[in-house]
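Heavy-atom basis, side chains included; hydrogens, waters and symmetry copies ignored. Quick caveat, the model's predicted, so the values are computed rather than measured.
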Amino acid sequence: MHVSGPRSSRWTAYLGLLSALSAAFAPAVAVKEHDFKKCHQSGFCARNRAFADHALASDTWQSPYNIVPESGAFKDGQYQAVILKTSNDGSETVRLPVTVSFLESGTARVTVDEEKRQKGEIELRHNSKARKERYNEAEQWVIVGGTTLDKAAKVDYEDKTQLTVKYGPSSKFEATIKFSPFSIDFKRDGKTQIKINDQGLLNVEHWRPKIDKPEPETKEGESTEENKAEEAKGEEPKGEDESTWWEETFGGNIDTKPRGPESVALDISFVGYEHVYGIPSHASSLSLKQTRGGDGNYQEPYRMYNADVFEYILDSPMTLYGSIPFMQAHRKDSSVGIFWLNAAETWVDITKGKDSKNPLALGAKSKTSTHTHWISESGLLDVFVFLGPTPKDLTAKYGELTGTTAMPQEFALGYHQCRWNYVSDEDVRDVDRKMDKFKMPYDVIWLDIEYTDEKKYFTWDKHSFTDPIGTGKQLDSHGRKLVTIIDPHIKNVDNYPVVAELKSKDLAVKNKEGSIFEGWCWPGSSHWIDAFSPAAREWWASLFKYDSFKGTMENTWIWNDMNEPSVFNGPETTMPKDNLHHGNWEHRDVHNLNGMTFQNATYHALVTRKPGEFRRPFVLTRAFFAGSQRVGAMWTGDNQAAWDHLQASIPMVLSQGIAGFPFAGADVGGFFGNPEKELLTRWYQAGAFYPFFRGHAHIDARRREPYLAGEPYSTIIAAALRLRYSLLPSWYTAFRHAHLDGTPIIRPMFYTHPSEEAGFAIDDQFFVGNTGLLAKPVTEKEKFAVDIWIPDSEVYYDYFTYDVVPTAKGKTATVDAPMEKIPLLMRGGHVFARRDIPRRSSALMKWDEYTLVVTVPRDGKRAEGDLYVDDGDSYDYQRGQYIHRRFVFDGGAKSLVSVDADGREPASVQEGEWMQKMRSVGVGKIVVVGAPAAWASKKTVKVESEGKVWEAKLEFTPAEQGRAAFAVIKKVGARIGADWKVDFS
């Protein structure tokens with residue numbers, strides 16, 4: 001969920017009681033782009049774009065930002081100085097402290113502040129209670145490590161014009177800081193990779209007092225707003241355009257600006273890089289498009305301003321529900337990136353072109369460079385620079401800074417069944433029974449807002465949900481969970497203890513006057529918890545305790561929606577920017593952080609529901625920012641039941657993964673509308689490869705539980721669900737790697753094959769973890785074959801038939817994809833784990849034996865893989881209570897071995913209750929795809945483990961008609977947690 005206004009028939013009827021306020025709500029149609037700002041309607045974006053237009057059109061332009069050389073000092077890996085900004089007419093200089101930090105991780109950080117505001121030497125308009133400083137607390141929410149200074153970094157060269165610092169591993173990175181005008185050139189191995197302020201677009205709008213001037217005359221037949229837009233798009237203004245400095249209007253809402261103009265902007269050039277990725281979430285391609293017009297390009301910058309965007313449009317840079325300002329650039333065998341740490345509204349322009357200033361700088365053959373222009377409304381200029389050189393280096397260093405994916409509960413990787421709304425206890429129980437009847441595995445059923453008593457969170461509808469504990473117990477009897485929605489808006493009504501406490505404890509977001517903010521959302525009149533406040537978070541945690549949130553039990557988890565925040569009668573369906581949060585920070589400063597703070601509050605509330613109950617929480621969020629990956633999962637919001645939305649979901653989920661938040665999915669089937677059965681079926685087949693796998697539907701959509709599809713569709717969907725459950729061990733292992741080092745769960749071609757340029761823009765196929773499984777879901781109507789691009793010379797096998805895919809490196813393979821089949825290939829050289837016994841939920845698979853699949857490489861020599869297992873629930877894995885096995889198939893030695901992947905000796909691990917139970921879990925069978933023909937006469941293999949030797953049966957099937965030979969070793973008998981060896985000689 002959800003729509004951002006009265007868009008369903010039920011909600012429209014409900015709001016009949018509020019007819020006097022009807023003009024404040026959006027119409028009952030899909031999103032209109034004019035409901036959300038374009039750059040020319042956002043004053044600070046328009047000003048900075050106009051600034052860029054002027055600078056780039058001028059042959060004589062020089063940035064007015066210069067370091068005062070004598071102010072600079074380098075110590076212990078950090079350079080500090082003062083930048084002087086000279087005003088347009090030269091009458092004023094502004095002091096801007098700059099810090100360039102070189103970190104042990106090899107990352108560099110550039111921070112620019114404003115001295116007057118640091119010291120509080122400014123005056124606020126409207127008697128505002130807002131803070132005077134630039135917002136400087138984003139780091140406290142986002143950064144969790146990786147900021148230790150590199151004291152080995154050293155000045156390599158210095159004169160009156162510049163300073164060069166060598167830093168990073170083996171001092172292979174260097175940064176040349178030029179003083180006049182200020183710019184930095186970042187190099188790796190002596191070659192320029194990233195330049196900041198190379199184009200001279202640095203712009204820090206400093207504080208100044210408002211001087212009242214006569215209002216400009218309005219042109220005949222045009223509004224003042226139209227004049228402003230025209231001026232913003234024109235040539236250099238005569239004098240500065242102050243029309244949006246002090247106040248701004250959009251959609252009938254007025255934004256007062258007590259600090260005046262305060263945007264920060266900077267150009268960042270990726271030298272020699274044609275492809276850039278990241279900055280989710282947008283319904284766009286994985287490789288980001290240019291934004292200054294031209295064939296196939298966008299006219300608008302990519303916008304990051306978390307918003308409740310109803311039925312979002314596709315192929316667009318417009319903002320969506322969450323923002324991660326992390327961008328990567330990639331070329332053959334080289335990746336670099338930047339992280340723009342700013343939580344305010346942000347726009348990013350992207351242009352590409354040859355280096356026209358000095359083509360020789362890029363070598364004999366001029367390459368394309370990508371130029372980006374970052375523009376934020378307020379806050380510090382704070383940017384981290386990553387010099388790679390691999391995609392994995394970028395995600396690892398970013399993960400070191402902002403944290404990695406929380407290790408999820410195992411059930412969270414299963415299938416989730418949801419709709420708006422299951423209408424009663426009996427409805428939930430009936431769906432649960434029918435999923436079993438039709439042999440469709442699932443782990444979680446979800447309740448949307450209608451389960452509450454008149455949209456009051458932490459309550460149950462007293463007519464429809466009379467026995468939630470009984471429902472929870474039925475689900476628990478076969479290992480299933482219940483997720484209930486809890487949103488940040490609290491209904492403002494009498495006799496509701498939650499809102500009474502919110503008010504009495506003064507824990508809500510305030511308006512610009514400092515009084516509690518009132519807005520409108522699902523319950524009508526509402527207040528919003530201020531999750532930036534420690535006291536508010538502590539109070540929030542108390543509401544989730546089992547004796548407070550009655551009707552919940554140990555298998556109840558939480559969904560946080562509408563946390564952008566969505567405010568139906570607010571500007572752009574969100575909160576006014578001049579609202580005030582804890583510490584008197586304006587909402588404009590923290591907007592993109594808001595959703596994360598709320599999810600964070602819920603995450604920690606679930607950790608403390610019961611003394612001694614140390615279990616990993618599950619919290620789904622719609623709004624997010626950098627760091628949200630530490631506290632849960634996300635989904636791509638209110639999509640539509642349409643083929644193009646299915647297509648768009650794959651690059652959107654891939655983009656989340658490379659931006660450090662891989663626990664991502666899209667509503668299977670599409671939230672709005674009624675998918676035809678073919679679309680629904682294909683969407684389940686695609687969804688089985690989303691890291692977060694949930695079916696969901698709008699309240700006005702027809703019921704579409706997968707068993708209702710009818711034959712042959714229900715059977716096909718059931719097969720897709722069972723495939724997901726069979727591969728859960730490999731999915732869980734992929735999450736472990738993401739948790740350890742930030743690697744994506746599903747990986748695009750540029751990430752896995754960074755040398756293959758033909759794959760850099762491909763975003764409709766992907767690898768799953770380290771398994772070698774290459775998936776390309778069908779996303780087109782009546783399409784019964786797909787072309788899969790093959791990135792290397794390795795052999796590829798069809799997952800289901802073991803057919804050898806006839807193709808070559810860099811070519812496409814046409815794979816049959818009838819309705820019942822998912823195009824899924826296995827790359828040679830891998831070993832992955834699955835469980836082959838069909839069960840109703842992941843909990844019922846807990847003690848099942850494993851199947852290992854070995855895909856023999858083209859040269860027959862070596863295949864590798866791993867398996868990670870823990871109890872899937874607690875934090876005991878942090879105390880060594882886990883199994884992590886590394887499997888190596890050696891074609892030369894004719895063996896398959898299992899060793900501890902972390903090099904632990906068995907005696908070093910003190911086994912707790914779960915590990916002792918796992919002693920009974922073994923390897924049931926091993927499937928070797930591409931088995932050597934020499935095995936044809938073999939009937940048994942030798943198995944050695946824990947001082948014992950025995951034989952296991954081998955069944956060999958020879959190659960025929962394009963299918964590879966394969967062997968199945970049955971009843972292997974070795975413990976999954978033990979060292980063992982299978983000898984094929």
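Here the shortest heavy-atom pairing between V982 and V972 reads CG2-CG1, 4.5 Å. Of all the heavy atoms in Q656 and P280, the pair that sits closest is OE1-CB, 3.4 Å. Here the closest non-hydrogen pair linking S730 and T771 is CB-CG2, 3.7 Å. S649 and Y690 make their closest contact through OG-OH, 2.6 Å (heavy atoms, listed as atom of the first residue, atom of the second, distance). Of all heavy-atom pairs spanning L824 and A775, the tightest one is CD1-CB, 3.9 Å. Residues L852 and A833 share a closest heavy-atom pair of CD2-CB, 3.8 Å.
Checked by atom type, the side-chain pair H884/D866 shows a donor-acceptor distance below 3.5 Å. Inspection of the R682 and Q685 side chains reveals an N or O donor paired with an N or O acceptor under 3.5 Å. In summary, the side chains of T405 and H739 do not present any donor paired with an acceptor at a separation below 3.5 Å, with no hydrogens or angles considered. For the residue pair R480/S841, the side-chain donor-acceptor check at 3.5 Å is not satisfied. Using modelled atom types, one finds no donor on one side chain facing an acceptor on the other under 3.5 Å when comparing D763 with S285.
Residues F693 and Y415 place their aromatic rings such that the two centres sit under 6.0 Å apart. For Y868 and H737, the ring centers sit 6.0 Å or farther from each other. Taking the centre of each ring, W559 and H696 come in below the 6.0 Å mark.
For H645, the ring-ring contact (aromatic ring centres under 6.0 Å, His included) test picks out Y312, with sequence neighbours left out.
By the 6.0 Å and 45° rule, R834 does not stack over the aromatic ring of Y850. A cation-pi arrangement is absent between R835 and W731 under the rule of less than 6.0 angstrom and at most 45 degrees off the ring axis.
Rounded to the nearest 0.5 angstrom, L475 CG and D432 CG are separated by 5.0 Å. In this structure, CH2 on W789 lies 7.5 Å from CE on M749, to the nearest 0.5 angstrom. L320 contributes atom CG, which lies 10.0 Å from atom OG of S284 (distance to the nearest 0.5 angstrom). Taking OH of Y684 as the start and CG of L679 as the end, the distance is 11.5 Å to the nearest 0.5 Å. Rounded to the nearest 0.5 Å, atoms OH (Y442) and SG (C418) are 12.0 Å apart.
For R885 (side chain) and A978 (main-chain N/O), a donor-acceptor pair under 3.5 Å exists by modelled atom type. Side-chain N or O atoms of E794 include one that pairs as donor or acceptor with a backbone N or O of R858 at under 3.5 Å. A donor-acceptor pair is defined here as one N or O able to donate and one able to accept, closer than 3.5 Å; no such pair exists between the side chain of S655 and the backbone of P651. A donor-acceptor contact shorter than 3.5 Å links the side chain of R722 to the backbone of K439. Not one N or O on the side chain of R694 forms a donor-acceptor pair closer than 3.5 Å with the backbone of D667. In this structure a side-chain-to-backbone donor-acceptor pair under 3.5 Å is present from Q629 to G403. Without hydrogens or angle criteria, N563 side chain to A623 main chain gives a donor-acceptor distance under 3.5 Å. The backbone N or O of F624 sits nowhere less than 3.5 Å from a side-chain atom of Q599 that would complete a donor-acceptor pair. Under the 3.5 Å distance criterion, the side-chain polar atoms of D900 are matched with a main-chain donor or acceptor of G903.
In this structure the side chain of D638 reaches within 4.5 angstrom of the side chain of Y321, judged on heavy atoms.
Pairs of residues two or more places apart, or lying in two chains, that qualify as salt bridge (charged side-chain N to carboxylate O under 4.0 Å, His left out) and include a residue from residues 837-848 are D436-R840, R839-D848.
Under the ring-ring contact (aromatic ring centres under 6.0 Å, His included) test applied with H753, the options F760, F766, F767 reduce to a single match, F767.
Within 6.0 Å of CD in Q916 there are more than 12 heavy atoms belonging to other residues, nucleotides or ligands.
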